[in-house]
Amino acid sequence: MPAAAADLPVTVVTQAVNVLDAGSLLAAFGALGVAVVLFAETGLLVGFFLPGDSLLFTAGLLCAPGAGGAVHLSLPQVLAAAAVGTLAGSQTGYWIGRRGGRALLARSRAHRLRAGLVRAEEYLARYGHAKAIVLARFVPVVRTVLNPLAGALGVPGRTFTLWQTAGGLIWTLGLTLAGYALGASIPEVDRYLLPLVALVVIASLTPLAVEVLRSRRRPAAEPDPSAPPPS
């Protein structure tokens with residue numbers, strides 16, 4: 001039987017929370033959960049697995065007046081929480097990189113995190129500081145690693161702050177408002193929440209899959225110049 005998260009005992013809510021499920025996080029913590037999750041995903045290396053994209057989109061859906069159900073969020077609160085969480089998280093990640101350097105990033109044993117580090121370095125080399133910082137917002141794992149990497153590589157603080165703010169606002173406000181617009185235009189859109197979130201997850205992972213395919217094809221198409229010539 002559905003019940004509002006506020007009507008449930010705190011112990012029941014906390015025990016039922018699944019950190020990988022955007023709906024579960026929002027039902028338990030509301031807008032505060034958005035801020036905490038985005039801070040961890042963009043500022044702390046341990047948060048690379050958190051569902052930033054699906055969380056923002058789902059939060060926008062649950063703000064729409066046409067979305068019925070147990071959970072309803074305030075759009076201004078969600079927008080503010082998302083912006084504060086991601087901007088503060090990114091600056092924290094940058095500061096950690098400045099203090100800890102590349103040694104901190106190389107110490108991680110997580111395969112996805114190390115792969116994200118390689119892609120983040122490619123982004124910086126290919127697109128330059130400004131474009132790479134903005135584009136990284138839309139690629140899972142890369143948006144976690146690029147912030148400390150930028151600090152470790154000595155990207156100027158003003159440059160990083162300017163472009164991470166621009167990219168962070170475009171990412172958070174864009175996804176949240178997209179979810180809100182869809183929820184407002186489709187009555188009882190929460191009935192289709194799981195398929196919609198699945199589409200958002202697939203869309204967010206598409207750039208990652210493209211980069212993996214490119215990295216696998218590159219060695220075959222581009223021989224290593226440092227390798228000795230064939231006999």
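Only a predicted model underlies this, so the values are computations on that prediction, with no experimental measurement involved.
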To the nearest 0.5 Å, what is the distance between [atom1] ([X]) and [atom2] ([Y])?
| X | Y | atom1 | atom2 | result |
| --- | --- | --- | --- | --- |
| L75 | L177 | CG | CG | 6.0 Å |
| L169 | T86 | CG | OG1 | 8.5 Å |
| L44 | F39 | CG | CZ | 5.5 Å |
| T58 | L175 | OG1 | CG | 10.0 Å |
| L62 | H72 | CG | NE2 | 8.5 Å |
| Y127 | L135 | OH | CG | 6.5 Å |

Is the closest side-chain heavy-atom distance between [X] and [Y] below 4.5 Å?
| X | Y | answer |
| --- | --- | --- |
| L45 | I96 | no |
| Q91 | F160 | yes |
| T42 | T144 | no |
| V141 | F49 | no |
| L38 | E41 | yes |

_Suppose we screen for side-chain contact (heavy atoms from CB on, under 4.5 Å). Which residues come up paired with P76, at least two apart in sequence or across chains?_
S74
Should [X] and [Y] be counted in the same cluster of Ile, Leu, Val, Met, Phe, Trp and Tyr side chains packed under 4.5 Å apart?
| X | Y | value |
| --- | --- | --- |
| L32 | V84 | no |
| I133 | L162 | yes |
| V155 | V118 | no |
| L79 | L55 | no |
| L87 | V78 | no |

*Test T161 against Y94 for side-chain contact (heavy atoms from CB on, under 4.5 Å), laying out the working first.*
CA-CA 9 Å; T161 300; Y94 176 82; over 6 Å; no
Between [X] and [Y], which heavy-atom pair has the shortest distance, and what is it?
| X | Y | value |
| --- | --- | --- |
| A132 | L146 | O-CD1, 3.9 Å |
| S90 | N147 | OG-ND2, 3.5 Å |
| A184 | A64 | N-CB, 3.4 Å |
| L50 | A40 | CD1-CB, 3.7 Å |
| A136 | V142 | CB-CG1, 3.8 Å |

*asked:* Between R137 and D53, does any side-chain N to carboxylate O distance fall below 4.0 Å?
replied: no
*Walk me through it: do R119 and Y123 pass the test side-chain hydrogen bond (donor to acceptor under 3.5 Å, both in side chains)?*
CA-CA 6 Å; R119 286 190 295 274; Y123 271 47; over 6 Å; no
_Suppose we screen for ring pair (Phe, Tyr, Trp, His ring centres under 6.0 Å). Which residues come up paired with Y180, at least two apart in sequence or across chains?_
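None.
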